[in-house]
Amino acid sequence: MAITVYFVRHGQTYLNRYHRVQGWSDAPLTSQGQTDAKRTGKVLSGVGFDYLFSSDLARTMETARLLLAASNNSKIKAPTPTPAFREEFFGFFEGLDSAMLTNFLGAETGFDNFADMFSKLGPDTLKDRVAAADPYKDAENHVQFWNRVSKGIDYLRSLPDGSTAVVVSHGVTIRSIAEHYGYHTTESVKNGSLTRLTLTPTDTQVDFYNQLELPE
């Protein structure tokens, strides 16, 4: 038996719209972001999910509530806030223009966008680079990030056999999870997209990544 988990990236926020770094800092969903959440809920309406978890940040909780209402899932009354699935914490760089962060971290090594830096360096090296550059030393390094996220994955793995869960989380977190379990990603996670994992007691399989519809 196995646990099926659908990871959903939250809907577009104003900081997404303005291309700002958004980790533990937060912003409301835009009208497009609300549409993202409702559309994903409708996509999941045919999935009889048993649990709905969400990062405890406002943008994910709002996405989860809109998703739940659109899914017509009567078994779940409200999403369960789960801090383990928060976004990476960028410390001093929270709210900075994304291009400025890329220039700050990557100009000397030839990177001109954050997605390319993520792809070429890998998520853990990039986390450590952000943490090392933070003058306040608040940003998470990869060990701190995985100490937190792994607890959430372990909890999902402990759900009853055959369960299906939806987890509303964040772009870097979802992409890092996919990479961690052997799925090579070539693009950033779209707002409202679905990434599915199958968990067994001894294995984690990434079934698909960053899809706006369920694959056939």
Side-chain angles (χ1 to χ4, degrees), residues 2-12 16 19 21-24 36 40 53-55 57 59-60 63 82-91 93-94 98 101-102 104-106 109-134 139-157 165-215:
I3 312 302
T4 302
V5 183
Y6 292 86
F7 278 91
V8 176
R9 187 187 177 195
H10 61 80
Q12 185 196 64
N16 293 151
H19 302 287
V21 176
Q22 185 177 213
W24 290 9
D36 294 335
T40 307
F53 302 105
S54 172
S55 156
L57 298 176
R59 62 190 184 272
T60 41
T63 298
T82 311
F85 293 117
R86 278 188 178 192
E87 182 60 293
E88 175 184 344
F89 184 41
F90 292 92
F93 303 106
E94 293 277 337
S98 297
L101 175 61
T102 300
F104 187 85
L105 296 176
T109 48
F111 296 108
D112 58 7
N113 66 77
F114 190 84
D116 191 39
M117 232 183 347
F118 190 108
S119 180
K120 298 294 175 56
L121 293 177
D124 290 349
T125 297
L126 184 52
K127 287 176 181 57
D128 290 346
R129 185 170 289 198
V130 171
D134 181 0
E140 287 182 306
N141 61 35
H142 85 276
V143 173
Q144 293 167 317
F145 175 86
W146 284 112
N147 282 345
R148 171 170 61 81
V149 173
S150 293
K151 292 175 184 175
I153 298 291
D154 289 345
Y155 179 77
L156 294 174
R157 208 183 299 277
V166 173
V167 180
V168 183
S169 187
H170 306 267
V172 172
T173 297
I174 294 170
R175 191 173 181 186
S176 296
I177 289 170
E179 289 273 351
H180 186 74
Y181 291 109
Y183 191 101
H184 177 60
T185 66
T186 59
E187 58 183 359
S188 299
V189 184
K190 303 180 187 76
N191 292 109
S193 67
L194 295 158
T195 296
R196 192 177 74 191
L197 273 62
T198 298
L199 310 179
T200 70
T202 59
D203 187 45
T204 300
Q205 175 70 40
V206 181
D207 301 321
F208 58 78
Y209 170 77
N210 199 27
Q211 301 297 306
L212 296 179
E213 300 287 344
L214 294 175

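Computed over heavy atoms, backbone and side chain alike; hydrogens, waters and symmetry mates excluded. Position 1 is the first residue of the sequence, and the numbers go up from there.
Here the closest heavy-atom approach between residue K127 and residue S176 is recorded as NZ-OG, 2.7 Å. Taking all atoms of both residues into account, the shortest heavy-atom contact from V21 to S98 is N-OG, 3.8 Å. Looking at every heavy atom in both residues, E94 comes nearest to F90 through OE2-N, 2.9 Å. Residues W24 and L57 approach most closely at O-CD2, 3.8 Å, considering heavy atoms. Minimum heavy-atom separation, V143 to N141: N-OD1, 3.0 Å. Annotation for T173 and R86: closest pair OG1-O, 2.8 Å, computed over non-hydrogen atoms.
Here the straight-line distance linking atom CG of D36 with atom CG of L212 works out to 8.5 Å at 0.5 Å rounding. Atoms CZ and OG1, from F111 and T102 in turn, are 10.5 Å apart once rounded to the nearest 0.5 Å. To the nearest 0.5 Å, atom OG of residue S119 and atom CD of residue E187 are 10.5 Å apart. Distance CD/E213 to CG/L194: 8.5 Å, rounded to 0.5 Å. The CG atom of D203 sits 8.0 Å away from the CZ atom of R157 when rounded to the nearest 0.5 Å. The CG atom of L121 lies 8.5 Å from the CG atom of D116; values are rounded to the nearest 0.5 Å.
A donor-acceptor pair under 3.5 Å links the side-chain atoms of T40 to the main chain of G192, judged by distance alone. No donor-acceptor distance shorter than 3.5 angstrom exists from the side chain of E88 to the backbone of G23, with no hydrogens or angles considered. With hydrogens and angles disregarded, no donor-acceptor distance shorter than 3.5 Å links the side chain of R175 to the backbone of H170. Panel note: side chain T63, backbone G11; a donor-acceptor pair is recorded below 3.5 Å. In this structure a side-chain-to-backbone donor-acceptor pair under 3.5 Å is present from E140 to F89. In this structure, R196 contributes its side chain and V5 its backbone to no donor-acceptor pair below 3.5 Å. In this structure, the side chain of S150 engages the main chain of W146 through a donor-acceptor pair within 3.5 Å. A donor-acceptor pair under 3.5 Å is formed between the side chain of S54 and the backbone N or O of T60. In terms of modelled atom types and a separation under 3.5 Å, the side chain of D134 and the main chain of A139 share a donor-acceptor contact.
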Worked verdict on N191 versus H10 for side-chain contact (heavy atoms from CB on, under 4.5 Å)
CA-CA 6 Å; N191 292 109; H10 61 80; 3.8 Å; yes
F118 vs S188, test: side-chain contact (heavy atoms from CB on, under 4.5 Å). Steps then yes/no.
CA-CA 9 Å; F118 190 108; S188 299; over 6 Å; no
Pair N210-T185, side-chain contact (heavy atoms from CB on, under 4.5 Å): steps then yes or no:
CA-CA 9 Å; N210 199 27; T185 66; over 6 Å; no
Under the side-chain contact (heavy atoms from CB on, under 4.5 Å) rule, what do H180 and T204 come out as? Steps first, then yes or no, please.
CA-CA 10 Å; H180 186 74; T204 300; over 6 Å; no
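D124 has its side chain out of reach of F145: every pair of non-hydrogen atoms, C-beta onward, lies at least 4.5 Å apart. In this structure, the side chains of L156 and L199 come closer than 4.5 Å at one or more pairs of heavy atoms.
Below 30°, between 30° and 60°, or above 60°: for F85 and F7 the angle between ring planes is above 60°, a perpendicular geometry. Using cut-offs of 30° and 60° on the angle between ring planes, the pair Y209 and Y183 is tilted.
Contacts of R9 classified as side-chain hydrogen bond (donor to acceptor under 3.5 Å, both in side chains), with partners at least two apart in sequence or in another chain: none.
By the neighbour-count criterion of 12 heavy atoms within 6.0 Å, atom NZ of K151 is sparsely surrounded, having that number or fewer from other residues, nucleotides or ligands.
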